[in-house]
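Remarks on the structure that follows.
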Number of protein chains: 2
Amino acid sequence: MVTDDTPARVSPTLDADVSFLLARASAITAAAGNRALAAVGLKVRSYSVLALAAEVGPSQRELAERLRLDPSQIVALVDALESGGYVERRQDPADRRARTVTATPAGVELFARARAAVDDAQRESFAAISDAESDVVRAFLQRIAYSDLS
Amino acid sequence: MVTDDTPARVSPTLDADVSFLLARASAITAAAGNRALAAVGLKVRSYSVLALAAEVGPSQRELAERLRLDPSQIVALVDALESGGYVERRQDPADRRARTVTATPAGVELFARARAAVDDAQRESFAAISDAESDVVRAFLQRIAYSDLS
DNA sequence: GTCAACAATTGACATTCTCAACGATTACTG
DNA sequence: CAGTAATCGTTGAGAATGTCAATTGTTGAC
């Protein structure tokens with residue numbers, strides 16, 4: 001017989017609410033990510049921008065779409081990375097309105113170190129989860145994260 | 001043979017980053033929750049406060065701890081619910097500093113409707129997930145969400 | 001060639017987070 | 001028991017974030 005003897009941690013309803021748990025888990029891992037990235041002078045936001053600059057090299061418009069951010073937020077994020085010498089804006093030869101954001105060699109190197117720091121922190125956070133569980137969780141999260149319900 | 005033919009949706013690194021996916025999935029489900037709750041005049045934040053008022057009846061301090069919010073944020077959230085007649089502040093007889101937040105009958109009724117709206121929306125969002133997957137995901141999220149790594 | 005659409009940017013505004021301070025009350029310590 | 005430290009709710013300030021409109025330069029369609 002299975003009964004729920006677990007004392008309420010938040011409230012019975014919220015403890016079982018996947019959306020609530022997502023919000024909370026996200027806040028906790030984001031805080032851990034920011035702590036890990038502070039050593040290399042980044043936050044999760046700038047880290048995500050740097051990742052795209054290093055791995056994709058998109059226009060700022062595409063950056064905004066991929067990260068689901070307002071284009072106006074991209075400006076400040078790219079400004080900060082650019083002033084640090086980690087990315088550069090290049091005029092798209094095919095469309096002079098668009099400016100492409102690509103990582104400089106220093107940016108590529110910083111991204112490698114940042115990624116290592118993030119991986120270390122996550123290995124710690126997610127230590128108790130098996131590979132099989134991890135696959136299920138990742139697949140679930142991707143389905144939700146990339147669903148276009150909004 | 002398994003190869004990853006999937007085109008990058010964000011970037012190869014971020015597409016596999018559980019923390020990034022958590023943030024994104026959380027943002028999407030929170031937006032869906034707010035949309036569902038707008039019909040009853042709530043947001044996910046006030047909904048979570050109402051849930052605790054209805055199911056637990058904690059002090060504001062405890063409310064802040066359970067929801068991981070700053071005590072100063074609780075004030076405005078309770079103010080709004082109280083002015084709507086859905087919760088009331090009672091002086092804790094054992095500690096006159098503390099004020100207990102409990103749902104009124106109208107609050108209990110509102111919570112029932114709000115919960116139904118949230119459940120409907122989530123049934124839609126999470127339709128494609130099996131019970132077995134759901135259990136794994138919930139267990140994972142609870143482990144992360146309730147880990148006291150910070 | 002004109003006009004609508006789009007990219008990046010700026011600025012305004014609301015929301016949220018985080019922190020410090022305060023009055024009232026309680027708990028601790030000698 | 002007196003005095004001091006800690007706690008609870010509250011207020012207010014400042015940073016970070018989200019959202020949206022307006023502007024300039026450029027492109028594409030008719």
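Order of the sequence lines sets the chain letters (A, B, ...), proteins ahead of strands, with each chain counted from 1.
- Atom pair A:D79:CG and D:dA16:P shows a separation of 15 Å (rounding to whole Å applied).
- Between the C1' atom of D:dT23 and the CZ atom of A:R97 lies a distance of 15 Å, rounded to the nearest Å.
- Taken to the nearest 0.5 Å, the CG atom of A:L67 stands 5.5 Å off from the CD1 atom of A:I74.
- Checked against C:dA7, C:dC17, D:dC8, the side chain of B:R45 finds its nearest nucleotide in C:dC17.
- If you check C:dA8, D:dG9, C:dT16 against the side chain of A:R61, the one that comes closest is C:dA8.
- OP1 or OP2 of C:dC6 has not a single side-chain nitrogen or oxygen of A:R99 nearer than 4.0 Å.
- Protein atom CG of B:L69 is 10 Å distant from nucleotide atom P of C:dT16, rounded to whole Å.
- Residues B:S72 and A:Q91 each lie close to DNA chain D; by heavy-atom proximity, the contact nearer the 5' end of the strand is made by B:S72.
- Nearest-nucleotide positions on DNA chain C place A:I74 closer to the 5' end than the other of B:D70 and A:I74.
- The CD atom of B:E82 sits 13 Å away from the P atom of D:dG9 (whole-angstrom rounding).
- The shortest distance between the side-chain N/O atoms of B:R96 and the OP1/OP2 oxygens of C:dT26 is below 4.0 Å.
- Rounded to an integer number of Å, the gap from A:L77 CG to C:dT9 P is 12 Å.
- Under the 3.5 Å distance criterion, the side-chain polar atoms of A:R24 are matched with a main-chain donor or acceptor of B:A145.
- There is a path of hydrophobic side-chain contacts, each under 4.5 Å, that joins A:I144 to A:F126.
- At a threshold of 4.0 angstrom between heavy atoms, the contacts of A:D95 are confined to the sugar-phosphate backbone, with no base atom among them.
- One finds the CZ atom of B:F111 at 4.5 Å from the OH atom of B:Y47 (value rounded to the nearest 0.5 Å).
- Note: CG (B:L67) to P (C:dT16) measures 14 Å, nearest angstrom.
- Between A:R143 and B:E133 there is a salt bridge, since at least one side-chain N of the basic residue sits less than 4.0 Å from a carboxylate O of the acidic one.
- D:dG9 atom C1' lies 17 Å from atom CD of B:E88, rounded to whole Å.
- A straight line from CD of A:Q73 to C1' of C:dT10 spans 14 Å, rounded to a whole angstrom.
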